[in-house]
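To start, the structure itself, in structure tokens.
Keep in mind that this is a model prediction, so the values were computed, not measured.
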Protein chains: 2
Amino acid sequence: MRVDEIDELLSIRAAELYYEENKTQDEIGQALRLTRWKVGRLLAQAKQRGFIRIEILHPRARRLPIERRLREERGLADAIVVSTAGVHSPEELQERTAQAAADYLTALRPVPRTLGVSWGRTLFEISQHLRNGWATGVNVVQINGGVSLNRRPGTAAATAVGIAQKGGGSATLLPSPAILERLETKEAIEADRVVAGVIELARSADAYLFSAGAADHSSVHVESGYLSTADVDLLVQKGAVGDVVGRYIDSDGNIVDPALDARTVGLTLDELRGAPLAIAVMSGSTKHAVADAVVRSGLCTVLVTDEATALHLLDG
Amino acid sequence: MRVDEIDELLSIRAAELYYEENKTQDEIGQALRLTRWKVGRLLAQAKQRGFIRIEILHPRARRLPIERRLREERGLADAIVVSTAGVHSPEELQERTAQAAADYLTALRPVPRTLGVSWGRTLFEISQHLRNGWATGVNVVQINGGVSLNRRPGTAAATAVGIAQKGGGSATLLPSPAILERLETKEAIEADRVVAGVIELARSADAYLFSAGAADHSSVHVESGYLSTADVDLLVQKGAVGDVVGRYIDSDGNIVDPALDARTVGLTLDELRGAPLAIAVMSGSTKHAVADAVVRSGLCTVLVTDEATALHLLDG
DNA sequence: GCTCGCTCTGCTCATATGAGCAGTGATGCC
DNA sequence: GGCATCACTGCTCATATGAGCAGAGCGAGC
């Protein structure tokens, strides 16, 4: 038995006594016939070699070292990473992430006077996790079109209104479909005084809060009837990994289909990229690819996500 | 938000900074605007409420608190429980347990002069994990019959011989089948001078080392041809949960089929129960029921097992 | 409205732990 | 064989942490 093998075993024995039996290093020293300094060094070694895993088991637990890596290695202004420890379903993950986003918004300083928001399942859940009085006097403005065409009408509006009401402010809705069938209609809608005014207000927002959708058949665009499953398949063929504020991007963050993009109402991606504070909230394995594109192409300054997605961004 | 809810969240934030960022309690106090004593109390609370999980990730890691519970709540003289953290296959679990048994034997004081052993997959693996010179002059004697009939001939012998050779001693084999077809044959064999002498030696052993088999078709008795799958099914119907030294017992540790037992060669269970040192080694979910019967009915004084089996014994 | 008792807070003091440092023994190199 | 090097050991000292305690704040009960 080699010496470092003996030391490895001793460090495990020491760790058992230290962490499971709450003995002092001195007591362990007596038990294993070592000096307390040797015990201290064995424990340090065990930690350093990764034999000791400390996990914080709580729905609200975050992974600060991963957040730091995201800031440092991906140049984000801030990152919130929720722990996946003990998560059993994608819904639970989504909820944790939405809760973390709500917490982040609530703690945000300075409080934004005008907050631009997108809509979708994630945004709706964030709105539900915000507490009454999370802010005082936050005005919310929709940054992309989204009057639902068929199913679940009004969730887009309910999201914006919910965030605004709980924040003691009012919501300004963008009264337009997400994607128009004809370019002329889209241009006409954008020329409309009310719509133009809302978009202008959206451009002036202090902060943006949005999610991204995966490019697959479960997309809200399919569910809402703006795109058919065939449309999505075509986009995927062209390299789409997902959409941000209704605009489909490839893995480099470039618009996949400029013609489709021209028929999409709302803030452009470059306007989003120019924002001083753009908070992207994405979780779940289906969003790994979009999340990567969003972060790489600088679409957000702040990322709220789960541990697995974060590690995907960092380690590929 | 209730006060204890705020405290819960604060304790999670504190735990993140303490365990993941290696901040001192004082630094955390400054960051969260708390006194360092409050931080200390929050951390203690987080531990106490079970939000902090510390795991030792190593094949040789043991679970000392569970071992203690087994000693105290099940009256065992000693218990060795290996961690299941990071185990991916039943084979790996079996290996860890065998390794632990080998370690236990090596560290055993006083060193037994005569060691009685059973045979089977577990025992064979233990023999392989023992190091040359694990003891000096240990004589090994088989405590139950087991000349394999068809497959893998000689593993029973190889086990005993291996343990003896590595321990600087010699092995005494029990030259008899495990189970005889007729009672008369069994009695004749036991009357044989050599066989009687081996059994007498087995009775005088200082310590016994044995495993138990589950009562299912994968049993070594089926594999070796002593029992048919139909025999096993019948035993299960009569309440058998497994076998110890070839003798099938129910969940209370009683012999299931006295007629079969009478045809089984080797130490009786009561002889085993009377031993001052009887080390049972069992691991894997298939052995939960037998392990329970063995421990409850006092067949062993020392138990070597895995975490999951141990928890099954303790919490049902 | 007052008092009793309880919990929680911020402290002092004792203890446990980590950083750094000089001596020691082993190892390899000439 | 002698010497330089280096990892490792056991220490001193500074710091971090936990135990225990007095006082403050708060609520229940009279």
Side-chain angles (χ1 to χ4, degrees), chain A residues 1-58 60-65 67-68 83 107 131 133, chain B residues 1-58 60-65 67-68 83 107 131 133:
Chain A
M1 202 152 52
R2 301 185 323 280
V3 176
D4 62 336
E5 205 178 330
I6 295 174
D7 266 23
E8 184 169 319
L9 283 177
L10 274 176
S11 73
I12 296 303
R13 295 288 150 255
E16 286 161 0
L17 293 165
Y18 192 71
Y19 291 107
E20 301 200 324
E21 299 282 85
N22 296 314
K23 304 244 189 231
T24 67
Q25 297 185 5
D26 212 355
E27 288 174 305
I28 297 169
Q30 288 179 302
L32 302 180
R33 299 168 174 281
L34 302 167
T35 63
R36 67 187 180 81
W37 297 285
K38 177 74 177 169
V39 174
R41 284 179 183 120
L42 286 172
L43 287 171
Q45 217 174 90
K47 265 192 188 170
Q48 185 255 313
R49 294 200 203 178
F51 297 154
I52 314 293
R53 179 163 73 196
I54 301 183
E55 266 185 326
I56 303 170
L57 296 163
H58 195 280
R60 304 286 269 268
R62 283 164 49 186
R63 304 301 319 275
L64 305 187
E67 295 181 358
R68 191 216 314 271
S83 164
R131 289 175 175 274
Chain B
M1 203 152 54
R2 302 185 322 283
V3 175
D4 62 338
E5 205 177 331
I6 295 176
D7 265 23
E8 184 169 319
L9 283 177
L10 273 176
S11 74
I12 296 303
R13 297 286 151 257
E16 288 161 357
L17 293 164
Y18 192 72
Y19 291 107
E20 300 201 324
E21 299 283 86
N22 297 312
K23 303 245 190 230
T24 67
Q25 297 184 6
D26 211 356
E27 288 174 306
I28 297 169
Q30 288 179 299
L32 303 181
R33 299 167 175 279
L34 303 167
T35 62
R36 69 189 181 80
W37 297 285
K38 177 75 178 169
V39 174
R41 286 180 183 118
L42 286 172
L43 287 171
Q45 217 174 87
K47 265 192 188 171
Q48 186 256 314
R49 294 199 201 179
F51 295 154
I52 314 294
R53 180 163 74 195
I54 301 183
E55 265 184 327
I56 302 171
L57 296 163
H58 196 279
R60 304 287 268 269
R62 282 165 48 187
R63 303 301 319 275
L64 305 187
E67 295 181 359
R68 190 215 317 269
S83 163
R131 289 173 176 276

Straight-line distance of [X] [atom1] to [Y] [atom2], nearest 0.5 Å:
{"X": "A:Glu67", "Y": "B:Glu20", "atom1": "CD", "atom2": "CD", "answer": "8.5 Å"}
{"X": "A:Gln25", "Y": "A:Leu43", "atom1": "CD", "atom2": "CG", "answer": "5.5 Å"}
{"X": "B:Ile12", "Y": "B:Asp7", "atom1": "CD1", "atom2": "CG", "answer": "11.5 Å"}
{"X": "B:Ile28", "Y": "B:Leu10", "atom1": "CD1", "atom2": "CG", "answer": "11.5 Å"}
{"X": "B:Ile52", "Y": "B:Tyr18", "atom1": "CD1", "atom2": "OH", "answer": "10.5 Å"}
{"X": "A:Glu55", "Y": "A:Arg63", "atom1": "CD", "atom2": "CZ", "answer": "7.5 Å"}

Checklist outcome for this item: Each nucleotide of nucleotides 5-21 of chain C classed B (base within 4.0 Å of a protein heavy atom), S (only sugar-phosphate) or -, in 5' to 3' order, makes ----BBBB---SBS-B-
Nucleotide N/O of nucleotides 23-26 of chain D paired with protein N/O under 3.5 Å:
none

Next on the checklist: Within the 4.5 Å heavy-atom criterion, are A:Glu8 and B:Arg60 side-chain neighbours or not?
Outcome noted: no
